[in-house]
Amino acid sequence: QVQLVESGGGLVQTGGSLRLSCAASGRTFSSLRMGWFRPGPGKGREFVGTISHSGANTYYADSVKGRFTISRDNGKNTAYLQMNSLKPEDTAVYYCAAKPAYYSGSGSEEREYAYWGQGTQVTVSS
């Protein structure tokens, strides 16, 4: 079992920045691929970005590429989402997710992930 706890959300003005954190426990963190999602159409969640277990590879949705950066500190069992140049359309609950690194998949699909945090609210005012 993997437990994930997000933090760092809040209210920020357009153009501002926030850094979200995702603290993991219950499994060797360095064995996990990590992802960030937010609510999408219907009941699904929209892909934001992912980072490989070692941190060597990252991948982002086009809507956030160049503005958001994913990183991780395996010594602290924590993943991060640095959000810059925030827009009102970025307003959402942001979820951290994890899956074993040896499972197949690109890391961009909600269905790939078995473990999820409760989310943290990000609100961008105009």
Side-chain angles (χ1 to χ4, degrees):
Q1 182 176 333
V2 176
Q3 294 177 316
L4 305 174
V5 180
E6 302 98 332
S7 62
L11 193 154
V12 65
Q13 294 182 341
T14 298
S17 298
L18 285 173
R19 188 179 75 159
L20 307 184
S21 298
C22 175
S25 62
R27 186 166 179 164
T28 302
F29 183 68
S30 60
S31 72
L32 299 172
R33 170 176 286 275
M34 305 298 295
W36 287 95
F37 291 78
R38 61 192 182 189
K43 297 182 179 180
R45 291 178 178 175
E46 178 185 47
F47 171 71
V48 175
T50 186
I51 187 167
S52 61
H53 67 96
S54 68
N57 181 265
T58 57
Y59 178 65
Y60 303 92
D62 288 342
S63 60
V64 306
K65 189 177 297 183
R67 300 189 298 120
F68 292 9
T69 302
I70 295 175
S71 61
R72 66 191 297 158
D73 186 337
N74 286 351
K76 296 182 178 179
N77 291 349
T78 302
Y80 304 94
L81 181 66
Q82 178 67 48
M83 303 184 294
N84 299 325
S85 301
L86 283 162
K87 306 174 181 179
E89 50 262 47
D90 294 318
T91 295
V93 177
Y94 283 76
Y95 296 91
C96 177
K99 70 170 186 175
Y102 53 82
Y103 279 20
S104 62
S106 67
S108 64
E109 298 290 335
E110 178 184 10
R111 71 189 75 179
E112 299 177 44
Y113 292 86
Y115 307 108
W116 294 86
Q118 293 297 306
T120 185
Q121 176 70 51
V122 171
T123 302
V124 184
S125 65
S126 60

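Computed over heavy atoms, backbone and side chain alike; hydrogens, waters and symmetry mates excluded.
Counting only distance, with no hydrogens or angles, the side chain of Tyr80 and the backbone of Asp73 share no donor-acceptor pair below 3.5 Å. Distance alone, capped at 3.5 Å, is enough to place a donor-acceptor pair between the Tyr113 side chain and the Gly107 backbone. The backbone N or O of Lys76 sits less than 3.5 Å from a side-chain atom of Thr78, completing a donor-acceptor pair. Between the Arg67 side chain and the Ser85 main chain, a donor and an acceptor come within less than 3.5 Å of each other. Side chain of Arg72 to main chain of Phe29: a donor-acceptor pair is present (N/O by atom type, distance under 3.5 Å, no hydrogens or angles). A donor-acceptor contact shorter than 3.5 Å links the side chain of Thr91 to the backbone of Val124. Here the side chain of Asn77 pairs no donor or acceptor atom with the backbone of Gly26 at under 3.5 angstrom.
Here CZ of Arg45 is found 13.5 Å from OH of Tyr94. Values are rounded to the nearest 0.5 Å. Residue Lys65 holds its NZ atom at 9.5 Å from OG1 of Thr58, rounded to the nearest 0.5 Å. Remark: Arg19 CZ to Gln82 CD distance equals 7.0 Å, nearest 0.5 Å. Atom CD of Glu110 and atom CD of Glu46 lie 11.0 Å apart (nearest 0.5 Å). Gln1 CD to Tyr115 OH: the interatomic distance, rounded to the nearest 0.5 Å, is 7.5 Å.
Put simply, the side chain of Glu6 reaches to within 4.5 Å of the side chain of Trp36, judged on heavy atoms. Residues Ser52 and Arg33 meet the side-chain proximity criterion, which asks for heavy atoms closer than 4.5 Å. Using a 4.5 Å cut-off on side-chain heavy atoms (C-beta onward), Val12 and Ser17 make no contact. Using a 4.5 Å heavy-atom cutoff, the side chains of Tyr102 and Ser31 are not in contact. Contact check for Leu32 versus His53: no side-chain heavy atoms found under the 4.5 Å cut-off.
Taking the six-membered ring where tryptophan is involved, the planes of Phe37 and Phe47 are perpendicular, since the angle between them exceeds 60° and thus also 30°.
The two residues Gln121 and Ala92 have their closest heavy-atom pair at NE2-O, 3.4 Å. Closest heavy-atom contact between Lys99 and Ser104: NZ-O, 3.1 Å. Closest heavy-atom contact between Ser30 and Asn74: CB-ND2, 3.6 Å. Here the closest non-hydrogen pair linking Leu4 and Ala24 is CD2-CB, 3.6 Å.
Residue-environment remark: CD (Glu89) exceeds the threshold of 12 foreign heavy atoms within 6.0 Å.
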Steps toward side-chain contact (heavy atoms from CB on, under 4.5 Å) verdict (Glu112, Thr50): CA-CA 12 Å; Glu112 299 177 44; Thr50 186; over 6 Å; no
side-chain contact (heavy atoms from CB on, under 4.5 Å) assessment of Tyr59 paired with Ser106: CA-CA 9 Å; Tyr59 178 65; Ser106 67; 5.5 Å; no
Chi angles and distances behind the salt bridge (charged side-chain N to carboxylate O under 4.0 Å, His left out) call for Lys87, Asp90: CA-CA 5 Å; Lys87 306 174 181 179; Asp90 294 318; over 6 Å; no
side-chain contact (heavy atoms from CB on, under 4.5 Å) between Leu20 and Met83, intermediate numbers included: CA-CA 8 Å; Leu20 307 184; Met83 303 184 294; 3.7 Å; yes
Test side-chain contact (heavy atoms from CB on, under 4.5 Å) applied to Gln13 and Ser125, step by step: CA-CA 5 Å; Gln13 294 182 341; Ser125 65; 3.8 Å; yes
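Put simply, Tyr95 and Val2 are part of two different groups of oily side chains (I, L, V, M, F, W, Y) that touch within less than 4.5 Å, one to the next. Cluster annotation: Met34 is connected to Leu18 through the hydrophobic network of ILVMFWY side chains, with a link wherever side-chain heavy atoms come within less than 4.5 Å. Residues Tyr60 and Val122 share a single hydrophobic cluster, defined by chaining ILVMFWY side chains whose heavy atoms lie under 4.5 Å apart.
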